[in-house]
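First the structure, in the form of structure tokens, and then the observations on it.
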Amino acid sequence: FFCLSGFLITRRLIDEGLDLRHFYVRRAFRILPAALVYLAFVGALGASGVLPVSSQEIIAALLFFRNFLGRNAWFTGHFWSLSVEEQYYLVWPAILAVAGGRLSRMIGLIAIVATVIWRQANWPVEGLVYFHTDMRLDAIFCGSVMALSWPTLSRVIPKLPVMLFPAGVVCFFVTDVWSGELQGYADTIQAILVCFLIASNVATPERLFSRLLENRLVRQAGKMSYSVYLWQQVFLRPGFATGARWQLPLRLVGIVVFAAISYYVVELPMIAVGRSLLEPALKTETKMPAETPIST
């Protein structure tokens, strides 16, 4: 998730000419409305005593520092990753705009190394500290560095042997098995492998796996993934596996239904509002290639 986000956001910034107003308006109307609706929903249920949700965690999620509050509260706990994202959004676009591509790539590489050293120095990371931004920046910066190196990577990757792709998948799971021995390095190794797999798909759209990802159902799932991310927490609360087996299909249906409502009733209309505010700029915006996923 972090690798993909770092890649997409950085490419989007570059393709938009580092227009920070453009970027932040798009992000605000893309991220905030659906998140606010979800937090209002669980907050109201928490206030009425239906769900164990505190006002403190709602505020932390609203202000995107939920990853520093702790992940022990279930219904807003998943906002830890969104908080990391938003904190990254506050810093990285300004670095790109001021430093430019080459220096920003160097800063990204330094950030990756610094995160690994910091995490290793504190290993084993105790409790919820593992969700703090300073412990997880390497993955998102791996994606960012990949985006800044894309002109070179897009030419090199198609020339690599096809078997490197399944080898990368195998290495990812091997790293997971050996994560105890690798300690704090495992996350970085997996981030690099994930970036390679993402780059392989984007750079070689004609290959089988890339074509499978272009399937209509897969594309639709991708479009709704943010709403799924928000609403799955309500339906997959701890203990669901101990209930009747027929509950799981109903819970999955519930996720899809609420995610679809969020996507079509909240996300799409608010994205349209954001685009309308930028309409003069969008008319002059250069259209990106159809095979590039950044356009979505």
Can you say whether the rings of [X] and [Y] are parallel (under 30°), tilted (30 to 60°) or perpendicular (over 60°)?
X: Phe23; Y: Tyr89; result: perpendicular
X: Phe79; Y: Tyr229; result: tilted
X: Phe131; Y: Trp80; result: perpendicular

Testing the basics here: between [X] and [Y], what is the closest heavy-atom pair and its distance to 0.1 Å?
X: Leu160; Y: Arg207; answer: O-NH2, 3.5 Å
X: Leu148; Y: Arg105; answer: O-NH1, 3.0 Å
X: Leu153; Y: Pro158; answer: O-CD, 4.1 Å
X: Ile112; Y: Asp138; answer: CG1-O, 3.8 Å
X: Gln233; Y: Trp74; answer: O-NE1, 2.7 Å
X: Glu57; Y: Pro52; answer: OE2-O, 3.9 Å

For Tyr185, all residues meeting ring-ring contact (aromatic ring centres under 6.0 Å, His included), sequence neighbours excluded: none
So if you build clusters from Ile, Leu, Val, Met, Phe, Trp, Tyr with side-chain heavy-atom gaps below 4.5 Å, do [X] and [Y] land together?
X: Val174; Y: Met163; result: no
X: Val170; Y: Leu193; result: yes
X: Met135; Y: Val91; result: no
X: Val253; Y: Val265; result: yes
X: Ile140; Y: Ile117; result: no

Electrostatic pair Arg30:Glu267 at N-O distance under 4.0 angstrom: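 Salt bridge flag = yes for Glu267 with Arg30.
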Check: [X] side chain, [Y] main-chain N or O, donor-acceptor pair, under 3.5 Å:
X: Ser5; Y: Phe1; value: no
X: Arg251; Y: Phe235; value: yes
X: Ser262; Y: Ala34; value: no
X: Thr175; Y: Cys171; value: yes

More than 12 heavy atoms from other groups under 6.0 Å of [atom1] on [X]:
X: Trp178; atom1: CH2; value: no
X: Tyr24; atom1: OH; value: yes
X: Gln120; atom1: CD; value: yes

In this structure, is the centre-to-centre distance between the rings of Tyr88 and Phe2 below 6.0 Å?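 Between Phe2 and Tyr88, the centre distance exceeds or equals 6.0 Å.
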Derivation and outcome, side chain to side chain contact (heavy atoms under 4.5 Å, CB included), residues Phe258 and Gln232: CA-CA 9 Å; Phe258 272 73; Gln232 52 86 25; over 6 Å; no
Val50: partners by side-chain contact (heavy atoms from CB on, under 4.5 Å), with sequence neighbours left out: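 Counting only residues at least two positions away or on another chain, Val50 forms a side-chain contact (heavy atoms from CB on, under 4.5 Å) with Leu45, Ser48.
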Between atom [atom1] of [X] and atom [atom2] of [Y], what is the distance when rounded to the nearest 0.5 Å?
X: Leu277; Y: His22; atom1: CG; atom2: NE2; result: 11.0 Å
X: Ile271; Y: Ser276; atom1: CD1; atom2: OG; result: 12.0 Å
X: Leu32; Y: Leu62; atom1: CG; atom2: CG; result: 9.5 Å
X: Leu4; Y: Met146; atom1: CG; atom2: CE; result: 7.5 Å
X: Leu82; Y: Ile31; atom1: CG; atom2: CD1; result: 6.0 Å
X: Leu137; Y: Trp118; atom1: CG; atom2: CH2; result: 12.5 Å

Fellow cluster residues of Val98, listed by chain then number, with links counted only when side-chain atoms sit under 4.5 Å apart: none
When you look at Val125 and His132, which way does the side chain to side chain contact (heavy atoms under 4.5 Å, CB included) test go after all the steps? CA-CA 10 Å; Val125 180; His132 289 184; over 6 Å; no
Would a 4.5 Å heavy-atom cut-off, applied to side chains only, mark [X] and [Y] as touching?
X: Thr133; Y: Asn67; answer: yes
X: Thr152; Y: Arg155; answer: yes
X: Asn122; Y: Val129; answer: no
X: Leu18; Y: Glu16; answer: no
X: Phe209; Y: Leu197; answer: no
X: Leu208; Y: Arg211; answer: yes
X: Thr10; Y: Ile14; answer: yes
X: Val116; Y: Asp187; answer: no

Could you go through Arg11 and Asp15, starting from their C-alpha distance and side-chain angles, then the distance that decides it, and tell me whether this counts as side chain to side chain contact (heavy atoms under 4.5 Å, CB included)? CA-CA 6 Å; Arg11 289 305 310 169; Asp15 291 331; 3.5 Å; yes
Given the rule in the side chain to side chain contact (heavy atoms under 4.5 Å, CB included) test, do Tyr263 and Gln220 qualify, once you have shown the distances and angles that lead to the verdict? CA-CA 11 Å; Tyr263 178 70; Gln220 185 62 28; 4.0 Å; yes
